[in-house]
Structures are given as structure tokens and as C-alpha cells.
Amino acid sequence: MDKAYNHKNVEEKLYALWEEKGYFKPKIDPKKKPFTIVLPPPNASGKMHTGNVLMIAIEDLLIRWHRMKGDPTLWLPGTDHAGFETQVTFERELKKQGKSRFDFDRESLYTAIFQFVKDNKGAIEAQIRQMGASVDWSRYTFTLDETVVTTVYNTFKKMHDEGFVYRGEHMVNYCPKCGTTFADLEVNHIERKDPLYYMKYGPFTLATVRPETKFGDTAVAVHPNDKRYREYIGKEIEVEGLNGSFKLNVIADSYVDPKFGTGVVKVTPAHDKKDYEAGLRHNLEIKSVIDWNGKLNEKAGKYAGLPVKKAREVIAKDLEEKGLLEKVDENYTHTVAVCYKGGHDIEPMIIPNWFIKVETLKKPALDAVKNGSVKIYPKWREKTYYRWMEEMHDWPISRQIVWGIRIPVWYKIDKNALNLWVVWLDKNKQTQQGNLQTFLNEGISLEEVKAGLQRVMTLSFKGHAAPTYLVAVDDPTVPGDEEKQYVQDTDTFDTWFSSGHWPLVTLGYPNSEDFTYFYPTSVLETGWEILRLWVSRMIMFGLYLTGKPPFAYVYLHGIVRALDGRKMSKSLGNVINPEEYIEEFGVDALRMGLISGTANGKDFAFPRDKVIAYKHFGNKIWNMARFMLFISEQEKITIPQFSRDIEKKMTKDDKDILKAVKKLSASVNMNLEKFRFAQAGEEIYHFMWHELADKHIEQVKTREDKGVALSVLLHVYMTSLKLLHPFMPFITEEIYQKLPGHGDSIMIESWPTQ
RNA sequence: GGACGCUUAGCUCAGUUGGUUAGAGCGGCUCGUUUACACCGAGUAGGUCUGGGGUUCGAAUCCCUAAGCGUCCACCA
């Protein structure tokens, strides 16, 4: 053995050995209860970050522990297509080549992104291996695998048939830059200073940050008890505007805060959430003035075509010139909704989207945690779960992006095709857009439109009949049959809709052997930040489809922050790349260091000192093994197998250390059962270093009966080494192989029985 | 505005149903290179557990209260 442990000679070699010999595959025994974890799928085209490392460290710890105990143990690996994130990354690549997604028809774009993901997915898989994750690669799943798509389609169809799916014309969070809708959860609110314009509005003055939406105003509102304006309520007023004067009704609604501004609000139902709701209450017209690209449309008259922000400046200037601007408060601070990905301003808009009614689905998911059939650790996170489930509202599941599972909705080409708006590339790669029926009337074939199709939209405003559609897993089009021509919706599912099926699809739901044997799984381990986005949805789908929650325990780890305790972010330049730590200190030390940082599920700063400490610890136990080999060589003895015979000859020191290691073993088991990983790890660390090495080994040096002493020492050392293996798999296995007495056995399968 | 969490050694943090002298890692100081390991050993200093009040035989731990910090949710024309 080398004088110092060098992780670089060990890690890759051992992983290959374990994998090759099939140790990661479960030993199915119908009489035994299996232990199962599904790996939260990392982004297939991404790279490992510190959060992934912690996740793998904890899950591998649980998995190895159960496997060593002899449970049929399965850890299911997989990767996620990460719809939105991947498309954004890909588009960035396109931009470097001077292209954009608009240069492609939908299908070609999808194919190109798929290729991009294939080209890049090797990295994350290699890193999962590098981390020592003992996953069963033969059961690998990618979230766009045929089986996943089919399952997702079947669920959607079932939900649709049972009335849980509807085409909603709600106000959604739309990001014009990203070109897609976001769920409320994917929207961030940031504080920002924006000018607050006090503009003259008929007989009133009102305050607004968004003068550019005034063309979409369909009422003016005041508070019902506001004495200042009581005489106007219910009356029509005339307003002088930039595009001539117009008339509006004054409504009374208690959503108006009389203390804000002047107590008068312009109501723009098409572009503001609260106004939209007020519009519904008062049956107001919804007048949309912003298009999908974030520009003012023809209703804005001469301002049509201007992007929202530019329009705001121009309009403010024009208002001033016309004497319609009373004053501007430049120091007004408010919160603005921005998309979580790019930080762009969210434009609340009315865009038809597919929604899931959650009212009846959420109740069982809430109860499952309340009645303990799913237990959440740390327990205080349950409160967050309850609150979220209680206030959960309908879930928009369609995204206006290409990369993902395409919604299996087929619009019929019939008289309502007039209400299908299509954007497509013609033979000359020129973008065409308009009513599908109009194109067909011009003699363009449906096939031609479909071949260049980029997007299908259903028109959503009053006076338009909804298109006829059907939900089908396969294309219902029958060639040549006029009556059976369809075009598929171009939206894709929200990633969380498909990943909500993860425990089901990885196990081959609904009727594979694996599913029967392993479902429900044992523990779901992930970061707390996706409790609501992901965990709650898995519970919901699991209960909906199988009647059983998909896992018995949820363990939520904290988020790894940067060294300075702040969130890691590219702009702060404090992102920690785990590769560097693996290179310098080894995977074992990194894993153990991270685990010791997350004791109570709170967020924590990257514990650099602990990673170093555990690297030193690795070297310490390495040298303890060297010590035994050294002594046996010096004394020219082979270390006797620990046996009854040896036990009879033990000294008090021997008996004490034996007793101590038994106590340690009991404590480690107990702590692991209670998800107290850091505690378990620290106890092993303390025992091996400060009891076994510092005290007991010093005592062994003075012993006459070296045979007995070494036999006991080796036995105790091996026991603690096994306890340590789930935490630090590589070094423990390497030492195990180097010490005498193991025969053909391998560490991965031998938990100490006490 | 609502919820959750935190405040313990110089720094970063553990501390389980209340129970001896409150622990770890890093850092500091003093010794030490003897038969594994300097990625080491033997010692040592350092804490009125954020302040105040209460319950208790006993409180870092439970309750009330004040302050500070952090995170999440909702909302702001």
C-alpha cells in the first residue's frame, strides 16, 4: 500500500468492477420487502452541480446501506429532457450560428434539439458514474422514451375523459421573449423602480405604470365607498385619448384601493390579472392590445408595432405634449412579475392553454401526508406542503415550446378551421400566418401547411366558435377521407406533468413485473425547492392512477449555497464546480463533506473545511490499514481470523473496543433509519479516528500477544469500515480488497450483523 | 401582508422525547518527528447558548415577549 491514499488510482477502477459484476441490480426475492429509490432525473444535456452531488450522496448512502443489509435494492436512474431549459440552451447555440428557432418548422426543430441532447447527454451519465452512484443502468429511463410518452398520453386522455382537463381562456403568465406561458410557480417577483404616471382621464386623474395598455381599457373603476367619485358610478364618461376620444363606463369595485394614487383605476381586462377578474365580475369587454411578440397590435392605432417598453416611453411623451400628463412619480417602487428563467417581464395575457382541474385531485394528495401514508423529513416542511396544497389552483399544463411531449390533441379541419390560426414555413422557407381555412381556400394543401408547421393557435375571443378536437394517443387522420383530417396541437406538456409520472414510468407502469414488485417505492429524496413543483404532482398522479402514493418517505435536503453563504449564481461568480473538488479531494471526501453539512434540511454554505477534513480522514483510515499490515509483517505473523478462540484470549482493552464498535453499529443503524445522516457519519468518524486509532492502536503497539491484538483490531476495523462504506464507498472498498481475510467477497454486500 | 426557519467557541455549524463538566470541523497557542499516518500525535485556550420574562427539582432544548437575520408565498393600478 502506498504511504498516502490516492483517490485517482481507485475510483474509476472500482466503479467499473461493481458495475461489471452486476452488483447494482436488485436480487429479487418475493418473500422480502424491496427498498427502492427513483433518482430525480437530472437534465439530460446538463452538467452535474453541487446539488446533484448531495442528492446522489444521500441516495447512494441509503441504497448501499439497504443493499448491504440484504434487502432487494433498486435505484432507478434516468434523465430529464428539461423542456424549457434545454430549448433555451439550444436556441443560444443557434444564435451563435446566426439562426433562430423561427428558421425551422416544428418537426425539424424538434429533431435538431433531440440530436443536440443526444450529443450532450454523455456528460451527465459519466458524472453519475463518477459519483459512485450504484444505480441499475439496465433500467435507465429518459423522459422522452416511448413508454413515458405513452403513459403521459394515457393519463391525459383519462383525465380528459373524466373531465379533469379543459381548454382554458384564463389569464396566463406569458413571456413574450421566451414565447411561452409559465405557471404561477415559474414566475418570480422582483422589486423595481418604475415611473408612475398620473394621467388625465376624462374627469379624473389616475395613476398607472402602464399607460401603453390604455387602448385596452374597457372601464374605469373606483371604490364603492369613495365619496369623491360616488356621482360617477354607473355613468359613462368621455375620455380624450391619443387616438381620439372614446367612452367608458365607471364601475364600482372594492378591489380598488382608495388610498393608492388618486383612487381611480383604469381597467384593462386583457392585460392585468386583477382587472381581468374585475372584468369577469362586471362583464366587461376584453380588449387585447398586445400581441404574442410583446408588441402593440392594430388596436393601438399609430402605436401599433411598438414593443411594450418603447411604446410606454413614446406614449408618455405624447401624453405630455397633449397636456394629458399631470405628473410623473419617478421614485415609485413596486414588484414586477418576471419569468424565472430569463428574468424578462411577464405579460399577463389571455392565451388558450390546457388546464388540469385540481380541486378533486389535490385532496387525496393532501390527506396522504396528513394521515402519514407519506412521511416528510424534516417534518417542519410538511407545513409548507399543506399550505401549498390547500391553496393550489388549476394547473396550466401546456407550454408553447417545441422541446417536450407534444399535447395529444387533434383539431379537426372542418368549418371551425377558420378559428385555427397557423404559423408555417412555405416551400420557399417564408413564414406564413393566418387562418388555416383561408390557406386551404387558396388551394394550399393541408400537407403543405403541416410540413412547414411551426405553431397552431386557437382563437380565443368572443364570437369565435371553439374548434372541434379530439384527444388521441395516435394520429386519427385517415388519408383521403375528407371527414377525418386533423392537425395536432403544437404545444407541449409542462415538464412537471411528465416528470410527475416518474416513479410510475421508471418501473414500467401499469403492468410490468418491476411495477408489481417495487411500487410503491420507499424513499423520494430531493431538494425542498421542488416539493411543490414535483413531489406534490407525483403524489397526485400516483394516487390518481394507482390509488397508492408513489413513496412512503420524502426526504428533503437543503440547498447548497456558495462559500459565502449566498445563493450560487453566475452573475455573482460564486458557483462551485464539483469537478474541482473531486479532482483535489476525491469523490468520497466530497460526498461525506456535503452530507455532514445538511444535518437538519436547512440550506447551508458549501462546507469546504469538512470536505478537506474527510479527505484527511480517508488518509487516516488508509494508514490504519497499513499499520496492521506493517505489524503483521514485522512480527512475521498472519493475522488470525477473529473467532471464539480469539475471544477467549481477549484483554480488557479488546473487550472494550469490541463493545464500543457494537454500540457504534447500533447507533449508526438507528440514525440512518431516522434520516440523521450527518450524525451517523460523524459518529463513525469519531470512533475510527479518536477511539480506534488514537487510543486502541496505541495500546496494541505495547501488546505482547500481537496475534490476538491484531485479530481483534482487524475485526473491529472491518466492522467500522463496513459501516462507513455507504458514506465513502471507494476508499472503503479499496482497503477491503487490500486487507487479508475477505476471500472473494466484496464490501458492497456485507453489512455488519451485530 | 402571511408562513416557515435561524441567532450556540474567532469562523462555519451539530446538539434526538428537557437530564452529569454544551460538541465537531477549521483556525489559535504550547510541546512532540517514537514501531501506520505531518493529510500526524499529546496537550491547551476560547461559550453568562441574541436580550427579557415564565414553566420545572432541572432549560441551548418547552411557553410568552423583544430585536436582528434568512427563505418562501401572496399582493401592490
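What you are looking at is a predicted structure, and each value in this text was computed from that prediction instead of being measured. Letters A, B, ... mirror the listed sequences (proteins, then strands); counts begin at 1.
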Indicate, with a heavy-atom threshold strictly under 4.0 Å, whether A:K274 touches base, sugar-phosphate, or nothing. sugar-phosphate
Do the charged groups of A:R228 and A:D226 touch, with an N to O distance under 4.0 Å? yes
Close N/O contacts between protein and nucleotides 2-11 of chain B (under 3.5 Å):
unit_1	atom_1	unit_2	atom_2	d
B:G2	N2	A:R387	NH2	3.2

With heavy atoms under 4.0 Å as the rule, sort A:F260 into base, sugar-phosphate or nothing. base
Under a 4.0 Å heavy-atom cut-off, which of residues 611-622 of chain A touch RNA chain B? A:A613, A:K615, A:H616, A:N619, A:K620
Side-chain N or O of A:H690 less than 4.0 angstrom from OP1 or OP2 on B:C40? no
Stems involving RNA chain B: give each as a range paired with a range, ordered by first number, where a stem means at least three consecutive Watson-Crick or G-U wobble pairs under 3.5 Å. B:1-7 with B:67-73, B:10-13 with B:23-26, B:28-32 with B:40-44, B:50-54 with B:62-66
Give me the distance, rounded to whole Å, that separates B:A14 from B:U7 when you measure between the P atoms they each carry. 7 Å
Any chance you could lay out the side-chain hydrogen bond (donor to acceptor under 3.5 Å, both in side chains) test for A:H696 and A:E691, step after step, and finish with the verdict? CA-CA 6 Å; A:H696 190 76; A:E691 298 300 324; over 6 Å; no
Using atom names, set out every protein N or O paired with an N or O of nucleotides 59-61 of chain B below 3.5 Å, distance rounded to 0.1 Å.
none

Look at all strands and tell whether A:H271 reaches a base, only sugar-phosphate, or nothing, counting heavy atoms closer than 4.0 Å. nothing
Would you tabulate the side-chain donor-acceptor contacts of residues 681-690 of chain A under 3.5 Å, counting partners in other chains and residues two or more places apart, or write 'none'?
unit_1	atom_1	unit_2	atom_2	d
A:E683	OE1	A:S667	OG	2.4
A:E683	OE2	A:S667	OG	3.4
A:E683	OE2	A:Q679	NE2	2.9
A:H690	ND1	A:D694	OD2	2.9

Is A:Y5 touching bases, backbone alone, or none of the nucleic acid, heavy atoms closer than 4.0 Å? nothing
Need one value for A:D272: base, sugar-phosphate or nothing, where a base atom within 4.0 Å counts as base even if backbone is also close, heavy atoms only. nothing
Can you name the atoms? Protein N/O to nucleotides 18-23 of chain B N/O, anything below 3.5 Å, with the distance.
none

Quick one: label A:E529 by what it contacts on the DNA or RNA (base, sugar-phosphate, nothing), any heavy atom closer than 4.0 Å. nothing
Just call it for A:Y332: base, sugar-phosphate, or nothing, with non-hydrogen atoms closer than 4.0 Å on any strand. sugar-phosphate
Could you tell me whether the side chains of A:K266 and A:T213 share a donor-acceptor contact shorter than 3.5 Å? yes
A:K214 near the nucleic acid: base, sugar-phosphate alone, or nothing, with a heavy-atom cut-off under 4.0 Å? nothing
Reckon A:K266 touches a base, only the sugar-phosphate, or nothing at all at heavy-atom distances under 4.0 Å? nothing
What integer number of Å spans the P atoms of B:A9 and B:G2? 32 Å
Say we look at B:C6 and B:C63: how far apart would their P atoms be, to the nearest angstrom? 11 Å
With heavy atoms under 4.0 Å as the rule, sort A:V256 into base, sugar-phosphate or nothing. base
For B:G23 versus B:U65, give the span between their P atoms, rounded off to a whole number of Å. 32 Å
Polar contact flag, side-chain donor to acceptor under 3.5 angstrom, A:W65-A:N669: yes
